[in-house]
Amino acid sequence: MIPFNKPYCSGREISYIQEVCHSTTMSGNGQFTKLCHGFFEKRYGFKKCLLCTSGTDALEMCAMLCQLKPDDEVIVPSYTFVSSAIAFLREGAHVRFADSRTDNPNISAELIEPLINEHTKVIVVVHYAGVACDMDEIMALAEKHHLIVVEDAAHSVDSFYKGKPLGGIGHLAAFSFHETKNINCGEGGMLVVNDERFIGRAEILWEKGTNRAEFYRGMVNKYGWCDIGSSFLPSEFNAAFLWAQLEQLDDIQAKRRHIWERYDEGLRGKIGNSITLPELPAYATNNYHMYYLLCPSLDVRTALMNYLKNHGVQATFHYLPLHSSKYYQDKHDGRVLANCDRYADTLMRLPLYYELTDEEIDKIIKLILKFKY
Ligand SMILES: Cc1ncc(COP(=O)(O)O)c(C=O)c1O
């Protein structure tokens, strides 16, 4: 079976983890954590980075930083992973789900604007498959209504919008380094703070509600309890693993690009059964996180997925709509989110990982081209 995903290892992970074993810091915020923070801050100009134990944790920090009250509303796309919404629900806010665009699964200013009212405080955008939302329009809308923008950049490492790195545009952003992402450390994530007014509190939330960061910088002579918070920082073992990957980022991206382009050359203009391929907006780059097909119906997708499975290829669908989920359907306001439902029924992801060989890609392409519905 060609699996959907194989987590990547650069080969240096074990030696960096051994270094941690022989060092005096195994908990968080040691030398590897600082190397990872420095990498992102230098390469992408992010103002403040804080590694977290998952993308979900990074989103929870974002939600805590927004200081939401029970009547507050947060706009979140329905076509996303549960974490994009849960983080804000846990803070007591009401989530209003937005539909996806017609041409890709992202949300847009046009879809967001009708949902804004006097209770709205935050817009969460998800750059699906690492392809940017139209951030100029969304940031202008947020400015007009004094809203905070949180970028769920879980898929978006090393991707850009009009030359600006994703995760560096909204007030806050969250990355994921889960094993399915381009860069991984098993489970991991990162908070990015772009708006300086959140930096001080972000450091405190990260360190269990204490001002330990100021203490380490020699700004106070002892540290204590200042706020709520949690243990969001990962151990040095995770950071060491992640550092081994970050060192190889360009190589990983080049390999993923090769795979993505081989799929695209093999399929574009040749695929039948009314199946369509992703289109990139002119303002967005591709970080080759995902290659997906859009089938004309759920039946076609089910048939294609089963056919590939029977021929040894594991392709997968993606998100189920959050607005009509078992947990949220009673809390949703009843609006039909037709594009979200369509992507949930028809989008299918192909295997894409570092070790995927040209022969395997060609086998998958040939199978798809031979598929008849
Ligand atoms: C859009 C999106 N946001 C958030 C997350 C959560 O990230 P993590 O699994 O690192 O907690 C995911 C997970 O895949 C995701 O796809």
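Not measured: the values here are computed from a predicted model. Residue numbers count from 1 along this sequence. Note that ligands are numbered from 1 as they come in the structure, with each ligand's atoms numbered from 1 the same way.
In terms of the ring-ring contact (aromatic ring centres under 6.0 Å, His included) criterion, residue partners of Phe215 (sequence neighbours excluded) are, by chain and number, Tyr223.
Protein heavy atom at the shortest distance from atom 12 (C) of ligand 1 is Phe81 CD2, 3.6 Å. Of all protein heavy atoms, the one lying nearest to atom 11 (O) of ligand 1 is Thr56 OG1, 2.5 Å.
Under the 4.0 Å criterion applied to side-chain N and carboxylate O atoms, Asp195 and Arg197 are assigned as salt-bridge partners. Residues Arg12 and Glu19 are not paired through a salt bridge, judged by the lack of any N-O separation under 4.0 Å between the basic side chain and the carboxylate.
Each of the following atoms of ligand 1 lies closer than 4.0 Å to a heavy atom of Lys181: 13 (C), 14 (O). Atoms of ligand 1 found under 4.0 Å from any heavy atom of Gly188, numbered from 1 in the order shown, are 10 (O). Heavy-atom contacts of Val126 reach the following atoms of ligand 1: 1 (C) (cutoff under 4.0 Å).
Residue pairs meeting the side-chain hydrogen bond (donor to acceptor under 3.5 Å, both in side chains) criterion with at least one partner in residues 295-306, sequence neighbours excluded, do not occur; the list is empty.
For the pair Phe177 and ligand 1, the shortest N or O to N or O distance does not fall below 3.5 Å. Residue Thr80 has no N or O atom closer than 3.5 Å to an N or O atom of ligand 1.
Under a cutoff of 6.0 Å and an axis angle of 45°, Lys6 and Tyr353 do not form a cation-pi pair.
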